[in-house]
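The structure appears below as structure tokens.
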Amino acid sequence: MHYYEVFLLRSSAPCLTYHADGVLYAGSVVSVPLKNSLKEAVIVAEVQKPDFKTAEISTVTDKRYSAKQMEMAKFISEYYFSSFSEAISLFIPYRRGAPCGYPKRRGCADGGQPQGIAPTLTTIQQNAYTQLLQKEKALLFGVTGAGKTEIFIALMAKMLEEGKTSIFLMPEISLTPQMEKRLKVYFGDAVAMWHSRITRKKKEQILEAIEDGRVRIVAGARSALFTPLPDLGLIIVDEEHDDSYKAQTRPRYHARDVAVLMGQKLGAKVVLASATPSMTSYAKYDVVKLEKPFIETKKQYRFIAGDSISQPILNALERNFSSGHQSLLFLPTRGNFKYLYCERCGKTHLCPFCSVGMALHRKYRHLKCHYCNYTEPIQDTCQHCGHTPLKSERMGTQEAIEVITSAIAGIKVEQFDRDSITTSKKLKDALKRFESGASHLILGTQMLSKGHDYANITLSVIMGLDHILGLADYRARERAMSLLLQIAGRSGRAKEAEVLVQTNDPDFFRTYLHDYEVFIKDELAFLEMAQYPPFVSLARILIAHKDEAKAGKITLDTVTKLKVFEEIEIVGHGKAPVERIADKFRFQILLKAKNRVPLLKALHSVDCREIEIDMDPVEFS
DNA sequence: AGCACGCCGACT
DNA sequence: GTCGGCGTGCTC
């Protein structure tokens, strides 16, 4: 009889021991009885007969995690503080006895041949391509519209030629349809799109196609990184600066960093790419610059003060509309207004379960909490002092649309935010209407900054940057600056364009508008002086509990335990910026260390059942 | 005192 | 994850 330690998949349960007649291998996926039902589990090791009674492994499936997948999952569980189960469950196992990590049919499968016409690279693109081929990993730094995608296609085509597969990551599901179209032209059925919204059945079909070598390129959001591609030769992380690559649930991994780890483990090339690279990647990796194309489209930046849809903004929109052109308007707030507040006592109308203001959505006739989605009827009386009426603050997308459509007759506006773009069909339809010219203004939140091309925009209005600049976050400047350039980059691809920036700090933005690299250098100097990443390693501990006193006690106990470690610095601890979410009181501890090893060591010493550890955090609310 | 509900720990 | 034990708090 053989005894095996297993981890249940998709579970936070600890390691359990079962027995089996035959010999089994680490990585094998089996099904085991637990309580009254059967669960999938993965074998981790053979062990001696334990002193408790064990149950028998019911079935051995044809699925198997490779040794490398197991090693990467171990790293992820230890570095990002999750259970091994949660980490291995990110990965999709190999199947049907194909030797782990090797394809059943090596090299050129019939489906894997390029189908379209290879993009012809310009001299500048060719130069970057050649440099990238020579490096194991690199950061491709090129302005929007410089032609990074053609380089990616050329690299993936090269991999196909060499019998290798590729993974292409994008930060958001919403970007996949547009990229799919471009990749299909060249790679046809050899490319498959993968993300959390692909149906189970479709995923099964793709996995089969990967196994028999028809699919050689997987493109998609974070989860695409974990598909079982054999002979992986290349991982591309497009828009690598985007914080969506950082998972906000356990395991709280950063897909960009895991991509680099995976590249190292599997001997695959890693290309990170962005027009506004992260400080970390710029400091850490070789930079391949994609110089601006010769036919540079012109952008005129104009700065105006204020904080709502002002007359100059209406004038600019009206002028652009009546001359038959399309415009874009960005503001980082949803709904009509972000807050209701009382003029008499100065208090904000709060969600009863979270310590955040309720946003006003007049269209749905309710107030909505954007943290827990609790809704209630619109209030007009202060919940603290009974004063009436309440004032609304910080205009949102919905309100902006109402103001604009009533001021400019005939203008058709496309709302582009999480409230209106809820399905991929709505996304496609909105983009189609705008592309066809049926609508004249695309107005939305951060969603606008991500990757979509709007060829005919000649006016971009960017509002609310000051709110981002004012965030209590060491990356506030980076966020504001990259957001501005990303949004501006969406316009004027074909024509000359004006960018109207509403801010009370124009000098900050003006300095860096035409050269993000100058910004990176200044910002890195600041980060080094202030001792923030990439110059130190950062971790955040989040404590959430229904009982405020208990949450506070856990926080203090944890701080006490961490104080004995001399190599780490407790930057601060106390209530989280958002004190309460979904009826739980939230506390946090922020930790810093010159390097990650002592930080990990200290954190592994604390009881992590009641706390959530976030390594390399990007969210501080 | 009896019962319902929700939290927490064990499960092999 | 899912199940059951147990403690808290409400009602009869």
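Residue numbers begin at 1 in each chain, while the letters A, B, ... track the order of the sequences. Quantities reported herein were computed from a predicted structural model and do not represent experimental measurements. Scope of the values below: all heavy atoms of this structure, side chains included, with no hydrogens, waters or symmetry mates.
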Cut-off 3.5 Å, no hydrogens considered: what does the side-chain donor-acceptor table look like for residues 54-61 of chain A, sequence neighbours left out?
residue : atom : partner : partner atom : Å
A/T54   : OG1  : A/H19   : ND1          : 2.7
A/S58   : OG   : A/S31   : O            : 3.3
A/T59   : OG1  : A/S31   : OG           : 3.2
A/T61   : OG1  : A/V29   : O            : 2.6
A/T61   : OG1  : A/K63   : N            : 3.1

side-chain contact (heavy atoms from CB on, under 4.5 Å) involving [X] - partner list, sequence neighbours excluded:
X	result
A/S89	A/L9, A/R10
A/K425	A/T423, A/D429
A/A41	A/V6, A/L8, A/V30, A/V32

* A/F168: ring-ring contact (aromatic ring centres under 6.0 Å, His included) partners, not counting sequence neighbours -> A/F152

* Asked: Considering residues at least two apart in sequence or located in another chain, which fulfil the ring-ring contact (aromatic ring centres under 6.0 Å, His included) criterion with A/Y18?
  -> none

* Once the angle between the rings of A/Y79 and A/F75 is folded into 0 to 90°, is it parallel (under 30°), tilted (30 to 60°) or perpendicular (over 60°)? -> parallel

* Structure fact -> In short, salt bridge (charged side-chain N to carboxylate O under 4.0 Å, His left out) pairs touching residues 83-93 of chain A with sequence neighbours left out are A/E86-A/R250

Using a 4.0 Å heavy-atom cut-off, does [X] contact any base of the nucleic acid, only the sugar-phosphate backbone, or nothing at all?
X	result
A/S85	nothing
A/A13	base
A/P14	base
A/F52	base

* **All salt bridge (charged side-chain N to carboxylate O under 4.0 Å, His left out) counterparts of A/E172, not counting sequence neighbours** => A/K450

What pairs of donor and acceptor atoms, side-chain ones from residues 201-208 of chain A against any protein atom, are under 3.5 angstrom apart with sequence neighbours left out?
residue : atom : partner : partner atom : Å
A/E204  : OE1  : A/R95   : NH1          : 3.0

* To do: Please work out which residues in residues 27-43 of chain A have a non-hydrogen atom less than 4.0 Å from an atom of DNA chain C and list them by number.
  => A/L34, A/K35, A/K39

* Walking along DNA chain B from 5' to 3', note the first and the last nucleotide with an atom under 4.0 Å from a heavy atom of chain A, and give both. => B/dC7 to B/dT12

* **Span of DNA chain C in contact with chain A (heavy atoms, under 4.0 Å)** => C/dG1 to C/dC3

